[in-house]
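Please read these numbers as outputs of a predicted model, since none were measured by experiment. Computed over heavy atoms, backbone and side chain alike; hydrogens, waters and symmetry mates excluded. Per chain, numbering begins at 1; letters A, B, ... match sequence-line order.
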Protein chains: 2
Amino acid sequence: MERIERHACFGGWQDVYQHHSVALNCTMKFAAYLPSDVIDKQYPVIYWLSGLTCNEQNFITKAGAQQFAAEHGVIIIAPDTSPRGEQVADDDAYDLGQGAGFYLNALMAPWRDHYNMYDYIVDELPTLVEAHLPANGKRAILGHSMGGYGALMIGLRNSERYCSISAFAPIVAPTQVPWGQKAFSAYLGEDKSLWARYDTISLLNEIQVTPPMLVDVGTHDPFYHDQLKPELFAEVCQRKCHDFTLNLREGYDHSYYFIASFIGEHIAFHARYLKN
Amino acid sequence: MERIERHACFGGWQDVYQHHSVALNCTMKFAAYLPSDVIDKQYPVIYWLSGLTCNEQNFITKAGAQQFAAEHGVIIIAPDTSPRGEQVADDDAYDLGQGAGFYLNALMAPWRDHYNMYDYIVDELPTLVEAHLPANGKRAILGHSMGGYGALMIGLRNSERYCSISAFAPIVAPTQVPWGQKAFSAYLGEDKSLWARYDTISLLNEIQVTPPMLVDVGTHDPFYHDQLKPELFAEVCQRKCHDFTLNLREGYDHSYYFIASFIGEHIAFHARYLKN
């Protein structure tokens with residue numbers, strides 16, 4: 001694990017690391033914000049999962065999260081959104097292949113050789129982070145759009161591993177919308193019985209106790225009605241979850257201007273549970 | 001003047017406009033953050049000038065300034081850094097031509113047909129802003145690197161027009177460092193008597209009363225010793241200015257992570273004088 005970027009930022013450090021990933025069988029980068037210069041202290045970790053077309057840079061350059069991470073004393077880890085490199089299968093479309101890993105383990109050729117983002121995010125990355133950075137073992141997960149889906153799916157499937165879950169403009173029901181159907185068909189194949197373990201709605205119906213969850217969606221998000229459909233998720237949550245909030249933000253869109261406007265509330269939300 | 005982007009952001013609007021510039025004789029874009037939805041109120045305006053290679057997007061996507069503009073109730077205008085277009089002279093180097101207008105009026109061919117950023121920033125842009133946006137006529141100016149130079153130079157030459165001036169990592173003495181010498185030679189020619197009106201140190205020595213000024217420079221800025229040399233400016237200020245602060249920020253570099261970390265302090269500084 002090699003540090004390839006370091007910038008002083010809000011009294012801490014915005015770093016970027018590069019390493020060989022076993023799960024993905026390629027070289028990967030991830031960003032790490034450390035909230036302070038103090039090296040003999042340990043901090044909870046919030047994992048941020050980005051959306052389609054993003055890499056490890058988008059969140060750290062555009063969301064303005066460092067200010068709040070410094071304030072609450074949390075590390076933020078922002079990985080890339082897919083395996084990378086010339087030897088990694090790709091597609092010309094923005095919503096399949098590199099930049100569009102959908103946080104699952106692919107079953108189909110040509111994807112299955114590298115596209116194991118689920119294993120990477122759930123196991124390999126936290127192991128690496130907790131071995132090399134001042135992490136105290138407490139974790140939360142959040143994300144945006146495809147990464148909002150990833151945060152909900154991974155958080156629900158591994159609720160013992162995450163204190164809290166949140167999402168901006170998530171794809172809440174991938175099996176019912178075009179982005180998810182296209183990705184699941186390609187990565188998992190047409191046998192829809194294999195889709196359920198990656199379907200947030202199915203997972204929500206299955207598990208007994210959900211971690212605290214916060215979801216924000218902009219009412220002017222151009223993907224609201226076709227791809228996001230937050231009501232599908234909220235309807236189940238309102239029956240099943242004791243701690244779930246859906247904020248519909250009047251006038252906001254799908255951009256990082258939306259994320260930046262409310263990232264402070266999301267980090268405060270996670271900090272509340274991470275520090276319990 | 002046509003609005004080509006609009007995003008809800010921190011309770012206000014991050015907009016981008018496009019218009020034909022008379023001073024620059026080309027189509028230009030500028031970004032405008034409006035701190036609120038209230039349209040029958042008027043706000044002071046802070047002009048942000050970006051550095052080499054930037055356009056109207058860098059500041060609005062990376063600095064995290066909207067949060068503080070909303071808090072203090074100020075408009076922020078972020079123009080492009082040079083004239084643009086296929087018919088506009090350019091150079092392969094990053095520090096000359098498009099993206100490197102240096103906020104002056106060029107005297108030499110091939111630059112003089114379009115490179116009149118001084119007139120654009122001092123006259124044309126404020127006139128446009130004050131005619132079309134809810135601006136109350138109070139102005140402040142700040143910038144980064146080449147734009148930090150622009151803010152100091154323009155603010156000092158027009159001290160009756162700006163309530164306050166600030167800069168991140170400015171080129172404080174363009175006639176004494178490589179970036180400035182290269183640009184001045186190309187745009188103004190080799191007759192150095194013509195350089196003085198664009199030289200911040202000369203301007204500072206000339207004028208009687210300077211507006212309040214704030215300058216931040218990171219101690220780990222890779223351009224600190226060769227291009228920025230803040231001490232050259234601070235030394236004159238300490239003799240001449242009753243309200244001047246130079247903050248040397250330990251460990252910070254030249255990036256937007258540095259700007260983001262202290263932009264809140266700069267906006268609070270300007271708000272203090274804009275609201276007098």
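- Listed options B/Phe258, B/Phe262, B/Phe10 were ranked by heavy-atom pairs under 4.5 angstrom with chain A; first place goes to B/Phe10.
- Of the two parts of A/Ile60, the backbone and the side chain both hold a non-hydrogen atom closer than 4.5 Å to a non-hydrogen atom of chain B.
- Between chain B and the options A/Gly11, A/Cys9, A/Gly64, heavy-atom pairs under 4.5 Å are most frequent for A/Cys9.
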Distance-only check: which donor-acceptor pairs of chain A and chain B lie under 3.5 Å?
unit_1, atom_1, unit_2, atom_2, d
A/His7, ND1, B/Asp253, OD2, 2.7
A/Phe10, N, B/Tyr252, OH, 3.3
A/Phe10, N, B/Ser261, OG, 2.8
A/Gly11, N, B/Tyr252, OH, 2.8
A/Tyr252, OH, B/Phe10, N, 3.4
A/Tyr252, OH, B/Gly11, N, 2.8
A/Asp253, OD2, B/His7, ND1, 2.7
A/Ser261, OG, B/Phe10, N, 2.8

